[in-house]
> 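What follows is a single structure, and I will ask about it in a moment.
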Number of protein chains: 2
Amino acid sequence: MRFDRVSPVRAYERVVEQIEEAVLCGRLRPGEHLPSERDLMVQFGVGRSTVREALRVLQSNGLVRSRAGDPRGAQVQAVSPGALQKSMTMLARADTLGLAELVQFRMLLEGSANQLAARLRTPEQLAEMDTAMDVMRTAVDEGYAEFSRADVAFHEAVARATGNTLIQICGTVVRDVVLGLIEDKIVNAPDSRALMLTSLEHHSRVLEAVRDGDGELAARLARRSLYDYYAEYVPEDERAMLLPLLD
Amino acid sequence: MRFDRVSPVRAYERVVEQIEEAVLCGRLRPGEHLPSERDLMVQFGVGRSTVREALRVLQSNGLVRSRAGDPRGAQVQAVSPGALQKSMTMLARADTLGLAELVQFRMLLEGSANQLAARLRTPEQLAEMDTAMDVMRTAVDEGYAEFSRADVAFHEAVARATGNTLIQICGTVVRDVVLGLIEDKIVNAPDSRALMLTSLEHHSRVLEAVRDGDGELAARLARRSLYDYYAEYVPEDERAMLLPLLD
DNA sequence: TTGTATTTGTTCGTATGTATC
DNA sequence: GGATACATACGAACAAATACA
């Protein structure tokens, strides 16, 4: 007979578990307030610091928010994807990930996002994309910073049009991480204006495919566009892993 | 002139930020140990409780682990998808993430994963998939639990063949969350054997496409297979968002 | 193997600034 | 503005756990 190693369960963890369970089960609804720390330490039968450590953890996970001096105690927050975005960002920032993997993932995501958007978009969402395109056009003459902001707005509009929170979050995270890795190289590019004009042309063709409801074409164009934009920054020996997404 | 509302930054948050940054930048590598709590309270110029609250938050995010009595202090952990899985599970339980979104994301991921695997797989990786398929075949008569394990092994093999860590991690997390939501319904299905046989047939056709190097076909079959398997558990009014991925 | 020193886990008391009534 | 109750933060104290001689 072999026994498993036991890990001691801290007092604060059991406090976290109980409150977390209450929030997730809906016994504590967003907007409601927890009892005060002193009440909680009586209810849970633990010391003050233990209660506070538990509340800190819950707060960092976005489940509650406490303000100094509030006599009503910590407030239960609406469950938001903030924690998901944070943990995803940590994974993507881990240095074990290469630029090729990140770009490949982004090609995969944005390709499918455009495919979905081509079919599921509402007229309002299409208008948002048109607006973002207009801003991009005027931003060509205002420098890379402006252009990049409009570019981001376009991709966000496409992601929103999918109606899928996971696609939006992963898209945002991967885009931010990729940009963080190579932004300096783009800023210092000798022909940044040419880059912007090419990018504009690519985005325009993707948008037309989305407008026509041609998901397959939108996906292909989006992936190709990302490849053309980022491939030169990907080490040559890793570039091969991007090609299968271009068929 | 209008001013923005300021939110007070707690002492423990600044401690968290500094340690988090050090870990994510690689200045603190996994396996290394932080200074003791008493050292940290001197270095940061805060009280011990504040240090402890910061460590608890870092621990709940999976960045460090501290053991009672360890004179070496808290140990920096390797970046793991645990936090990602936890936050995604929480969102799913709180109904912020619907099953339709999760399945859609999985169709998107696995479709592209198979497309990549069809082109990038090594013969060894193909052999792994064949092995997983063999186990699935024999597991049909051994019950759903065995079958599900082999099924997971197959999808993991495909994800590994892409060579992309993000695809593997996101695939694993989303799959586990989806299975957690509907596993009980599958177990209690009246014709679970028929389900397994159908799934087996689908997997077999996907694998043949991967073997032939036909990425487009592999992607289409994989998405279709997921749809057929999970669509009945997706609320009818949300099922439409899965269809654009089936073209 | 058995201490011994050090650390973490936890509690408690106190001081201070803050939000609500 | 004042009273009250609260969260924030500090630090001392003790128990339990760990590493190391």
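Just so you know, these numbers use all the heavy atoms, side chains as well, and skip hydrogens, waters and symmetry mates. Predicted model only: the values in this text are computed from it and were never measured.
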> Any ion pair linking A:Arg72 and A:Glu32 (charged N to carboxylate O, less than 4.0 Å)?
no

> If pairing requires Watson-Crick or G-U wobble contacts with both distances under 3.5 Å, which nucleotide is the partner of D:dC14?
C:dG9

> When we call it a touch if two heavy atoms are under 4.0 Å apart, what does A:Glu37 touch: a base, just sugar-phosphate, or nothing?
base

> Using heavy-atom distances to pick each residue's nearest nucleotide on DNA chain C, tell me which of B:Gly69 and A:Gly69 is more 5'.
B:Gly69

> Just to verify, what does A:Tyr229 make a side chain to side chain donor-acceptor pair (under 3.5 Å) with, not counting sequence neighbours?
none

> Rounded to whole angstroms, how far apart are OH on B:Tyr12 and P on D:dT8?
8 Å

> What is the distance from CZ of B:Phe44 to P of D:dA9, rounded to the nearest Å?
15 Å

> Nearest whole angstrom, please: distance from the C1' of D:dT8 to the CG of A:Asp70.
13 Å

> Would you mind listing every ring-ring contact (aromatic ring centres under 6.0 Å, His included) that reaches into residues 31-65 of chain B, with sequence neighbours excluded?
none

> Are any of the side-chain nitrogens in B:Glu13 or B:Arg10 under 4.0 Å away from the carboxylate oxygens of its partner?
no

> Examine D:dC6: is either OP1 or OP2 under 4.0 Å from a nitrogen or oxygen in the side chain of A:Ser66? Give yes or no.
no

> So A:Arg56 and B:Arg56, do their side chains get closer than 4.5 Å, heavy atoms only?
no

> Rounded to the nearest Å, what distance is computed from the NE2 atom of residue B:His33 to the P atom of nucleotide D:dA19?
9 Å

> For the side chain of B:Ala68, counting heavy atoms from C-beta on, which of D:dA9, D:dA17, D:dC6 is nearest?
D:dA17

> What is the distance, to the nearest angstrom, from the CZ atom on B:Arg65 to the P atom on D:dT18?
11 Å

> Nearest to the side chain of A:Arg38 - C:dT10, D:dA7, C:dT7?
D:dA7

> In whole angstrom, give the distance that lies between atom CG of B:Leu40 and atom C1' of D:dG11.
16 Å

> Can you work out whether B:Met41 or B:Pro71 has the more 5'-proximal nearest nucleotide on DNA chain D?
B:Met41

> How many whole angstroms separate atom CD of A:Gln75 from atom P of C:dA19?
14 Å

> For DNA chain C, determine which residues of residues 48-56 of chain A have any heavy atom closer than 4.0 angstrom to one of its atoms, and list them numerically.
A:Ser49, A:Thr50

> Any Lys/Arg nitrogen of A:Glu20 or B:Lys86 sitting under 4.0 Å from an Asp/Glu carboxylate oxygen of the other?
yes

> Let me see the working for A:Arg14 and A:Glu17 under salt bridge (Lys or Arg N to Asp or Glu O under 4.0 Å), right down to the final yes or no.
CA-CA 5 Å; A:Arg14 283 183 304 215; A:Glu17 282 170 18; over 6 Å; no

> Looking only at side-chain N and O atoms, does A:Arg67 come under 4.0 Å of OP1 or OP2 in C:dT18?
no

> I need the CZ-P distance between A:Arg72 and C:dA19, as an integer number of Å.
12 Å

